[in-house]
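Notes to accompany the following structure.
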Amino acid sequence: MAAVGDLDHREPKTTTAEESRPKPEAVNSQQKKLGRKHSVQKLRRYDSLDIESGKVSGHGAKVLNWWMILQLAFQSIGVVYGDIGTSPLYVYTSTFSNGIKHPDDILGVLSLILYTLTLIPLVKYVFIVLRATDNGEGGTFALYSLICRYAKVGLIPSQQAEDSDVSNFKLELPSKRLRLAASLKSKLESSKFAKVFLLLATMLGTSMVMGDGILTPSMSVLSAVSGIKRASPKMTEGMIVAISVAILICLFSVQRFGTDKVGYGFAPLIFIWFAMIGGIGAYNFVKFDPRVIKAINPKYIVDYFLRNKKEAWISLGGVVLAITGTEALFADVGHFTVRSIQISMCTITYPALVLAYTGQASFLRKNENSVSEAFYESVPHPLYWPMFVVAVLASIIASQAMISGTFSIIQQSLSLGCFPRVKVVHTSPKHDGQVYIPEINYLLMLASIGVTVGFRTTDKIGNAYGIAVVFVMVLTSSLLVLIMIMIWKCNIFFIIAYVVVIGSVELTYLSSVLYKFAQGGYLPLAFATFLMTVMFVWNNVYRRKYHYELDHKVSPEKLKEITSDRNICRIPGLAIFYSELVHGIPPIFKHYVANVPALHSVLVFVSIKSLPISKVPVEERFLFRRVHPKDLNVFRCVVRYGYTDVQNEDESFEKMLVEKLKEFIKDELWSSQMGSNAKVADEDQELGEGIIVNGENENKNQEQLQEEVEKEIEAIDKAMRAGIVHLFGENEVIAGKGAGFGKRILIDYMYEFLKKNLRQTDKMFHIPHKRMLKVGMTYEL
């Protein structure tokens, strides 16, 4: 009996077990018609895991009607675009921090803004990056999971041949094989450095997105509230900070209601915001200087750099703020759909932003001295107060984009073993990707308040903001190029064009924002370092634990010996042993038997496994295999989850497990009968005795098979009535003898601290405490 992970690579099954069952009447009738001239095609033997995993096919993305897509597009306005939509509040002010030195500098900066908006959010993200979603999910980990699925670059050896049978696992690859793609894949799979580097780069991108989730609320709210100085000069800096903190507390408090309700509540306000900035922009464009339309000519960008040289390069740190929140387009796509994001961006967001920046540039051409408060000064006086109220509300909503994106990306990293366990709440029964994470929400709130109180002005926060934004964009482009080469197999000239155009723009912006490292730019890097440390510690020890269990697993022979030992008492009931080890029985089982010489009448070893895909259909989640001999009633089970799958609190995990176990028993027995019938038919053919099967014998076999199925099912039901016990390993992890100082700090202190303050496995599955037993064991790593 081989372990679950040691299965042969068999041809995938194309029919379900139910369809394959022989029906006596149909078989006899067909065989009589064929007579002795034809032979029965030999039935293929399938592994039990193949039967279970091959049952359901075609679980692609749900097809939504246009009305639903338009609803999601409307919701996305309130969730995705708040950040990029409120950038006009501070872009010109940050870019011209030392004033406007030449009238044509306005045209140069406007041209930079227009081309940056077109190349990065529109071309790169809306039309290219959104194609790289993983079954509808976006973000850095979605790109990493696509690469892991195509090339074996994961650091945990839990891959199985059966993983590719999951319908969502398959990639729609171009049929043409390219030498470059095969070469790159081979190099990635054979290089340990490349695997570690990819994981660390993914962690860095995730950490930067979470840093955005901290900086965006502080920057947006503080910049909007600061506008009140125009109407009330008596407002002090301390009062503005206090108002901003109060607004931030209210913003994070409403997150528990979920993206669905938050989106519907915020979308009308952001729509009004876009209508107002677009309308005022068009008004200013006509009123002040329509000639700013000349900025479409990129010549003004060249002239701007020739005139200002180093100062122009430094000012790019202000221009890049025009595309803050762009990563939310990709990170938040799981809350909506690709089509809905594309519709809302192309029809509402992009046109409104172009009009807003063009209108402000037209105003500044006639009012250069107003650049320090460019946004509010460009608003017509009768509309000032309505605009101020909408701006404050829009800045509050701007934070929603990165907060939602942070929730999504942490949910993904959780399932891939790269983040400590936290509670994930599914907030919408209609849309799978909409989640809320209470612990992260409160940490983001405290960090945002700390940044607001600590920095007090938008200048230093803006410097920090730019670094976080551009770092994530560069990492996204790097992973995307790997996907273009290996998975999409794009034309090499398209890849070169992408790197030359998009890559050069992003690297230029990155060099500029890094120049302001000492003026607040260190903040996102400090956040990223802290978060990466947490993620690295958890993932590193997680991998060490897996390898320890793999090295000390219970062999099939030892398992058979333990369960057959007469000194071990078999008591009524069903015991479920939980583990993350896929390739065998964890060592904690042997430790349990040595201390408690009693086993339940039915044993199920459950391995919890995360696949590098977003979702695993429920019908394909459970893989079973029997440990022989059959009368031991011992089963192996691998329970597979995608990184966005959330444990269903409304349906008992143990109930689903038992139902799937019963289905497996039925399918296994029917399959074995099919195999034996095929063998008999094949032998008869070789002896030349014909293939006509006696109908009475066939019916008798069917009846015996039915009795055997009912007997086994009754054994499972009887064990359930006696009681179900859930056994978890309470593993104490310590550094082994002779471990170095760094390893001891990593395992004995840092990991132990994280483990004590976070959720345990039993809480993730909502197991009743009355039927749970924890088995303690020490792992020396």
Side-chain angles (χ1 to χ4, degrees), residues 141 154-158 192-193 195-197 199-208 210-211 213-214 406 409-424 437-447 450 522-552 578-581 586-588 591 608 610 728-764 774-781:
F141 264 103
L155 293 174
I156 298 177
S158 60
K192 179 70 178 292
F193 172 79
K195 294 177 182 179
V196 174
F197 181 80
L199 180 63
L200 290 178
T202 305
M203 288 182 178
L204 178 60
T206 303
S207 301
M208 285 294 183
M210 292 169 66
I214 294 170
T406 301
I409 208 164
I410 287 177
Q411 182 194 14
Q412 297 170 14
S413 57
L414 266 172
S415 299
L416 296 177
C418 293
F419 201 85
R421 294 189 185 99
V422 289
K423 182 180 181 181
V424 178
I437 305 176
E439 293 97 329
I440 300 301
N441 185 60
Y442 292 124
L443 289 175
L444 289 177
M445 180 180 72
L446 293 174
Y522 58 84
L523 192 63
L525 296 179
F527 283 142
T529 301
F530 171 75
L531 293 168
M532 274 193 71
T533 301
V534 171
M535 296 172 75
F536 175 78
V537 168
W538 188 267
N539 181 260
N540 185 275
V541 179
Y542 177 84
R543 285 188 281 115
R544 290 176 186 270
K545 281 172 56 183
Y546 194 93
H547 282 284
Y548 179 91
E549 291 186 342
L550 195 61
D551 293 338
H552 296 83
Y578 291 87
S579 167
E580 290 179 333
L581 181 68
I588 204 157
H591 182 71
I608 308 299
S610 292
F728 288 87
E730 189 73 11
N731 303 323
E732 181 186 358
V733 179
I734 62 173
K737 295 179 181 179
F741 177 75
K743 187 176 180 181
R744 290 187 181 278
I745 293 294
L746 179 76
I747 297 174
D748 295 345
Y749 296 98
M750 299 176 74
Y751 177 79
E752 194 63 25
F753 174 80
L754 291 174
K755 184 182 177 185
K756 285 181 178 178
N757 289 278
L758 294 160
R759 294 175 181 266
Q760 301 300 313
T761 306
D762 57 281
K763 293 181 181 178
M764 304 300 289
K774 292 187 177 182
V775 184
M777 186 175 177
T778 301
Y779 286 4
E780 290 190 14
L781 305 181

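In this chain, residues are counted from 1 in sequence order. Quick note: numbers below take in every heavy atom, side chains included, and nothing from hydrogens, waters or symmetry partners. From a predicted model like this one, the values you see are computed outputs, not experimental measurements.
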**Report entry** Pair Leu199-Lys195, side-chain contact (heavy atoms from CB on, under 4.5 Å): steps then yes or no
**Finding:** CA-CA 6 Å; Leu199 180 63; Lys195 294 177 182 179; over 6 Å; no
Query - Straight-line distance of Phe753 CZ to Met750 CE, nearest 0.5 Å - result: 10.5 Å
Requested in this report: Indicate yes or no: at least one non-hydrogen side-chain atom of Arg544 is less than 4.5 angstrom from one of Val733.
Outcome: no
Requested in this report: Evaluate the side-chain contact (heavy atoms from CB on, under 4.5 Å) criterion for residues Ile588 and Phe728: first the C-alpha distance (whole Å), next the side-chain angles of each, then the deciding distance (0.1 Å), finally the verdict.
Outcome: CA-CA 9 Å; Ile588 204 157; Phe728 288 87; over 6 Å; no
Report summary line: Interatomic distance, NE2@His552 vs NE2@His591, rounded to 0.5 Å, equals 13.5 Å
Query raised in the report: If every non-hydrogen atom of Leu525 is compared with every non-hydrogen atom of Met208, which pair is closest and at what distance?
Result: CD2-CE, 3.3 Å
Query raised in the report: Which heavy atom of Ile747 sits nearest a heavy atom of Ile734, and at what distance?
Result: CG2-C, 3.8 Å
Query raised in the report: Where do Lys737 and Arg744 come nearest, in terms of heavy atoms and distance?
Result: CA-NH2, 4.4 Å
Requested in this report: Measure the spacing between CG of Leu531 and OG1 of Thr206 and express it to the nearest 0.5 Å.
Outcome: 9.5 Å
Report summary line: Residues Ala735 and Asp748: closest non-hydrogen pair is N-OD1, 3.0 Å
Report task. For the residue pair Ser207 and Val534, establish whether any side-chain heavy-atom pair is separated by less than 4.5 Å. Result -> no
Query raised in the report: Say you draw a straight line from CZ of Phe419 to CD1 of Ile437; how long is it, rounded to the nearest 0.5 Å?
Result: 7.5 Å
Report summary line: Minimal heavy-atom distance between Met532 and Leu200, with the atoms involved, is CE-O, 3.7 Å
Report task. List for me each residue that meets side-chain hydrogen bond (donor to acceptor under 3.5 Å, both in side chains) alongside Asn441, sequence neighbours excluded, and say none if there are none. Result -> none
Query raised in the report: Tell me, do Lys755 and Val541 make a side-chain contact under 4.5 Å, heavy atoms counted?
Result: no
**Report entry** Interatomic spacing from CG in Leu204 to OG1 in Thr529 - rounded to 0.5 Å
**Finding:** 8.5 Å
Query raised in the report: NE2 of His547 to OH of Tyr542: how many Å apart, nearest 0.5 Å?
Result: 11.0 Å
Report task. Using the test ring pair (Phe, Tyr, Trp, His ring centres under 6.0 Å), find all partners of Tyr751 that sit at least two apart in sequence or belong to another chain. Result -> Trp538
**Report entry** Partners meeting side-chain hydrogen bond (donor to acceptor under 3.5 Å, both in side chains) with Tyr779 (sequence neighbours left out)
**Finding:** Glu549
